[in-house]
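Notes to accompany the following structure.
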Amino acid sequence: MSHTAHIPSHRKPRQRASKSALRAGVAGGFLSTIAVAGAAGPAQAEPVTRTIEMPTITDGLSTAVAASAQATQQVALDLEKQASEDAAAEKAAKAAKKAHAEAVRKAEAEKKAEAAAKAEAEAQERAERASRTSERTTLSASAGSSDSGSSASASAPSSSSNVSGSAASIVAFAKAQVGDAYVSGGTGPNAWDCSGLVQAAYRTAGIDLPRVSQSQSTAGTQVSLDNLQPGDILYWGGAGSAYHVAIYVGGGEFVGAQNSSTGTVQRSMDYDRPTGAVRVL
């Protein structure tokens, strides 16, 4: 054998050396990886030199936050209240405007109604006057057909200067009211309607007459208009349905509360000839 020939060893190889080599390889790879990662990182990166601290919520900060929330809530409540008040005021203004318009409308309607009633009353008065004129014409024609001598004697009215007793009291009272106002339903002492005046005049003689003209037109004995005496009750319309009455005062005249335009007047029977008459005394 050559002196250089390899003589194999009879000892087993050590496992410790292989394990150390494996460990060295892993560690080297890990360090290489760290080195590569470091080289690949941004060249301008700087290390963090300070730490940001979060604020700590203290009791004072908590109170301030609560006060701010309460103030915000109060403002919201105030705004809501103001909005409610504004809405109520606007609603009230609209209601007031509507009520005013309604009042104006009612006033205008009442004014028109009054004007219409007045026009109707005037028209009715004209119609009644025309009716009385027609009746007067009929009565005149009827009187003309009777004996002219007896007619002339009967038509001579009694003079009020010859009146005495109860009739004189009635006539005097009626004449004393001439110039007083006419008021529907009036019974004196300064305003009358037609039947109120007649009733008051007869009361001075101790006679209590019915209140309304319809009843007064049948309160006594029917007499001819050609045979009147002072104190007789004159009526216009039918007996029992008369719409106007007055008192005959003699001399062809009567006193009566005519209407709101003339008041209580003394007029000739030719002014507005009555339909009939009754004698109570």
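Taking the charged nitrogens against the carboxylate oxygens, Lys111 and Glu108 have no contact shorter than 4.0 Å, which rules out a salt bridge. Taking 4.0 Å as the cut-off between side-chain N and carboxylate O, Glu90 and Lys94 count as a salt-bridged pair. One finds a salt bridge joining Asp193 and Arg211 here, because a Lys/Arg side-chain nitrogen approaches an Asp/Glu carboxylate oxygen to under 4.0 Å.
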Side chain to side chain contact (heavy atoms under 4.5 Å, CB included) for Val249 and Ile170? Distances and angles first, verdict last. CA-CA 9 Å; Val249 295; Ile170 294 170; over 6 Å; no
Any chance you could lay out the side chain to side chain contact (heavy atoms under 4.5 Å, CB included) test for Leu197 and Asp180, step after step, and finish with the verdict? CA-CA 10 Å; Leu197 175 62; Asp180 284 354; over 6 Å; no
Stepwise side chain to side chain donor-acceptor pair (under 3.5 Å) check, Tyr235 with Gln222: CA-CA 11 Å; Tyr235 63 85; Gln222 296 288 325; 2.7 Å; yes
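In terms of modelled atom types and a separation under 3.5 Å, the side chain of Ser84 and the main chain of Glu80 share no donor-acceptor contact. Using modelled atom types, no side-chain atom of Thr264 and backbone atom of Val178 make a donor-acceptor pair closer than 3.5 Å. Counting only distance, with no hydrogens or angles, the side chain of Asn227 and the backbone of Ser224 share no donor-acceptor pair below 3.5 Å. Distance alone, capped at 3.5 Å, is enough to place a donor-acceptor pair between the Ser213 side chain and the Ala242 backbone.
Asp208 CG to Arg203 CZ: the interatomic distance, rounded to the nearest 0.5 Å, is 6.0 Å. If you take OH on Tyr243 and OG on Ser195, they are separated by 14.5 Å, rounding to the nearest 0.5 Å. Within the model, atoms OG of Ser268 and CZ of Arg273 stand 9.0 Å from one another, a figure rounded to the nearest 0.5 Å. Here the straight-line distance linking atom OG of Ser169 with atom CD1 of Ile207 works out to 9.5 Å at 0.5 Å rounding. Note that OG of Ser215 is 10.5 Å distant from CD of Gln199, once rounded to the nearest 0.5 Å. One finds the OG atom of Ser217 at 12.0 Å from the CG atom of Leu234 (value rounded to the nearest 0.5 Å).
Counting only heavy atoms from C-beta outward, the side chains of Met269 and Leu228 approach each other to under 4.5 Å. With a 4.5 Å cut-off on side-chain heavy atoms, Ile233 and Ile247 do not count as touching. The closest side-chain heavy-atom distance from Pro274 to Leu225 is below 4.5 Å. Contact annotation: the side chain of Arg267 never approaches that of Glu253 to less than 4.5 Å [non-hydrogen atoms, C-beta and beyond]. The shortest distance between side-chain heavy atoms of His244 and Gln258 falls below 4.5 Å. Using a 4.5 Å heavy-atom threshold, the side chains of Gln266 and Lys175 count as touching. Contact of the Tyr202 side chain with the Val280 side chain is registered, since non-hydrogen atoms from C-beta on lie closer than 4.5 Å.
Follow the hydrophobic side-chain contacts under 4.5 Å out from Trp192 and you never reach Tyr182; the two are in separate clusters. Under the 4.5 Å side-chain contact rule for hydrophobic residues, Leu209 and Val278 share a cluster.
Take Phe254 and apply the ring-ring contact (aromatic ring centres under 6.0 Å, His included) test, not counting sequence neighbours, and it matches Trp236.
Here the options are Gln82, Gln74, Lys81, the test is side chain to side chain donor-acceptor pair (under 3.5 Å), and the partner is Asp78; only Gln74 passes.
Residue pairs satisfying the ring-ring contact (aromatic ring centres under 6.0 Å, His included) criterion with at least one member in residues 71-113, sequence neighbours excluded, are absent.
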